[in-house]
Peer 1: 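So that we are looking at the same thing, I have put the structure below in C-alpha cells.
Throughout, residue positions are numbered sequentially from 1 according to the sequence presented. On a predicted model such as this, the values are computed, not experimentally measured, just so you know.
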Amino acid sequence: MPLKAMLMALSVAVIWGINMLTVKGAVAEIPPFMLTAIRFASVAILLIPFTRVPRGRMGRLAIISVTFGSLHFGVLFFALSMIDAGPVAIIVLLGVPFSSMLATYFFNDRLGWKRLSGMSLAFVGVTIMFWDPTMTDLQLPLLLVVFAAFMWAVANVMIKKLGDIDTFQLNGWMALFATPQLLILSLAFEPGSVQAVFDASWVAWANLSFTVVMSSIVAYGFWYHLLKTQDVNAVVPWSLLAPVISVLGSFVVFDEAFSMLKIIGGIVVLCGVTVIMLRKPVQRKTQGMD
C-alpha cells in the first residue's frame, strides 16, 4: 500500500488496541448490549446531520448493520463482559483468515499454499488457547469471539461490495440501523441495564467516549476508506498490531494472568496472521501459486 494508506492502517491498529481495553473497562459497569447501543446511537447523532441519505443503499446498509453492529460488536462486547481482554484480542484475529477466505470467493483472489499455511496456524493457535485449563469454563464466550470475528470478515466483504460511499455516510447510517437492534437485545436480556447507565461512573463514560469518537468515527472512518481504495487482503492483516497493544495493555491495566498455553497459542496465531500479511494475493487468472 502507499505510505499514506499504511499510516492510516497503523493508526487504526493503535486505536483498536487501546479500544479493547476501554471497552473492557466500560462493560464492567454498563451491560454490553446497552453499551453497544449507546455507542452506535452516539455515532449516528454525531454523523448523520452532516451526511446525505444514501438512496438506493438503505437495504444493504441495514444488512451490514446486522452483521457488523449486532452480530460483531454486540456479540464481541458480550463476550468481553465474561472473559479477559487479552484472549479476546488474540482470538478476534481470526477475522484475518476469515476475510482472506471470503475475499478468495468474492474478489477472485488465490490464496496459495503459504497463505493457506498461515491460516491453518491461526486456527491451530486458537485451538491451543481453548485447551488452557483456565478456559475450561469459558468455552461459550470464546466461541462467541470466534463468531464475532467471522461476522467482522463478512462485514468487510459487504462494505467492499457496497462500492463508492462516503465513510461518514456509511458509518452514521449503519449506526442508526444498528441502535434499535441492540436496544431490543438489551431490554430482552439485560434486566436493569437502564439503571446501570445512570449509575455508571465518569470512568465508564470516558471509556465509552473513546470508543465512540476514536474507534467508531476516526478508526472506522479510516478503515472504510482503506477497504474501498485498497485490496482487502492488503488492508485486513494490519489489524495484527492491535492485539499486541491490547494484550500488553491488559497485563498493565487489568493485571490479567498469562499461562503457558495462552502464550504459545497467542504466538502461533500471530505467526499465522503474519504469514497471511506478508503474502500478496494472486489473481486466479495467473498461473502458479504464491
Side-chain angles (χ1 to χ4, degrees), residues 1 6 9-10 12-14 16-17 20 72 75-76 79-80 83-107 109-132 134-135 138-139 141-157 160 223 226-227 230-251 256 258-282 288-290:
M1 294 191 297
M6 288 192 290
L10 176 62
V12 170
V14 172
W16 281 350
M20 186 70 70
H72 170 64
V75 172
L76 183 66
L80 265 174
I83 55 179
D84 292 341
V88 173
I90 294 294
I91 295 172
V92 81
L93 273 178
L94 287 182
V96 175
F98 282 142
S99 292
S100 293
M101 293 165 60
L102 293 176
T104 300
Y105 179 79
F106 288 102
F107 304 124
D109 290 339
R110 189 171 184 173
L111 291 173
W113 70 270
K114 291 184 179 179
R115 293 174 66 232
L116 283 170
S117 299
M119 293 167 62
S120 299
L121 278 176
F123 286 109
V124 168
V126 170
T127 302
I128 293 173
M129 295 180 69
F130 271 58
W131 287 343
D132 188 283
T134 62
M135 298 293 188
L138 300 172
Q139 298 299 304
L142 291 173
L143 288 173
L144 289 176
V145 178
V146 174
F147 176 78
F150 180 72
M151 287 297 104
W152 181 75
V154 172
N156 283 334
V157 172
K160 183 75 173 180
W223 190 249
L226 290 169
L227 287 176
Q230 308 296 323
D231 184 86
V232 171
N233 280 313
V235 174
V236 172
W238 279 88
S239 58
L240 170 67
L241 298 176
V244 176
I245 297 171
S246 296
V247 170
L248 293 176
S250 66
F251 176 75
E256 293 181 1
F258 290 96
S259 67
M260 185 57 65
L261 285 179
K262 285 182 183 178
I263 294 173
I264 293 174
I267 291 174
V268 173
V269 173
L270 291 173
C271 289
V273 176
T274 300
V275 172
I276 300 173
M277 181 177 70
L278 294 178
R279 303 312 304 166
K280 180 179 176 59
V282 178
M289 303 182 74
D290 65 347

Peer 1: Grab the two heavy atoms, one from Ile128 and one from Leu261, that are nearest each other, plus how far apart they are.
Peer 2: CG2-O, 3.6 Å
Peer 1: Do Ile245 and Trp16 make a side-chain contact, defined as non-hydrogen atoms from C-beta onward lying under 4.5 Å apart?
Peer 2: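 Result no, sub-4.5 Å side-chain heavy-atom pair not found.
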Peer 1: With heavy-atom distances below 4.5 Å as the criterion, would you say the side chains of Ile83 and Val145 are in contact?
Peer 2: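 The answer is yes, as the side chains (C-beta and beyond) meet within the 4.5 Å cut-off.
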Peer 1: Could you tell me whether the side chain of Ile90 reaches within less than 4.5 Å of the side chain of Met129, counting heavy atoms only?
Peer 2: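 They are in contact (side-chain heavy atoms under 4.5 Å apart), so the answer is yes.
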Peer 1: Strictly under 6.0 Å, is that where the ring centroids of Phe98 and Phe147 end up?
Peer 2: no
Peer 1: For Ser246 versus Ala89, what's the shortest heavy-atom pair and its separation?
Peer 2: CB-CB, 3.4 Å
Peer 1: Going by heavy atoms in the side chains, are Leu241 and Val14 under 4.5 Å from each other?
Peer 2: no
Peer 1: What are the two closest non-hydrogen atoms of Val273 and Ala122, and how far apart are they?
Peer 2: CG2-CB, 4.3 Å
Peer 1: Closest approach of Pro97 and Leu93, non-hydrogen atoms and distance?
Peer 2: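 Shortest heavy-atom contact: CD-O, 3.3 Å.
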Peer 1: How many angstroms lie between CG in Leu226 and CG in Asn156, if you round to the nearest 0.5 Å?
Peer 2: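 So the CG of Leu226 and the CG of Asn156 are separated by 11.0 Å.
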Peer 1: Locate the shortest heavy-atom distance separating Val75 from Ala148; write the atom from each residue and the value.
Peer 2: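 For Val75 and Ala148, the tightest heavy-atom pair comes out as CG1-CB, 4.2 Å.
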Peer 1: Can you classify the ring geometry of His72 versus Trp152 as parallel (below 30°), tilted (30 to 60°) or perpendicular (above 60°)?
Peer 2: tilted
Peer 1: Grab the two heavy atoms, one from Ala85 and one from Ser250, that are nearest each other, plus how far apart they are.
Peer 2: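 What the structure gives for the nearest pair is CB-CB, 4.3 Å.
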Peer 1: So, taking the atom named OG1 in Thr127 and the one named CD1 in Ile91, what distance separates them when rounded to the nearest 0.5 Å?
Peer 2: 9.5 Å
Peer 1: With rounding to the nearest 0.5 Å, note down the distance linking CE in Met20 to CG in Asp84.
Peer 2: 12.0 Å
Peer 1: Could you grab the distance from atom CE of Met119 to atom OG1 of Thr104, nearest 0.5 Å is fine?
Peer 2: 6.5 Å
Peer 1: Above 12 or not: heavy atoms from other molecules or residues under 6.0 Å from CZ of Phe251?
Peer 2: no
Peer 1: Can you check whether Leu94 reaches Phe150 side chain to side chain, under 4.5 Å on heavy atoms?
Peer 2: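 The answer is no, as the side chains (C-beta and beyond) never meet within the 4.5 Å cut-off.
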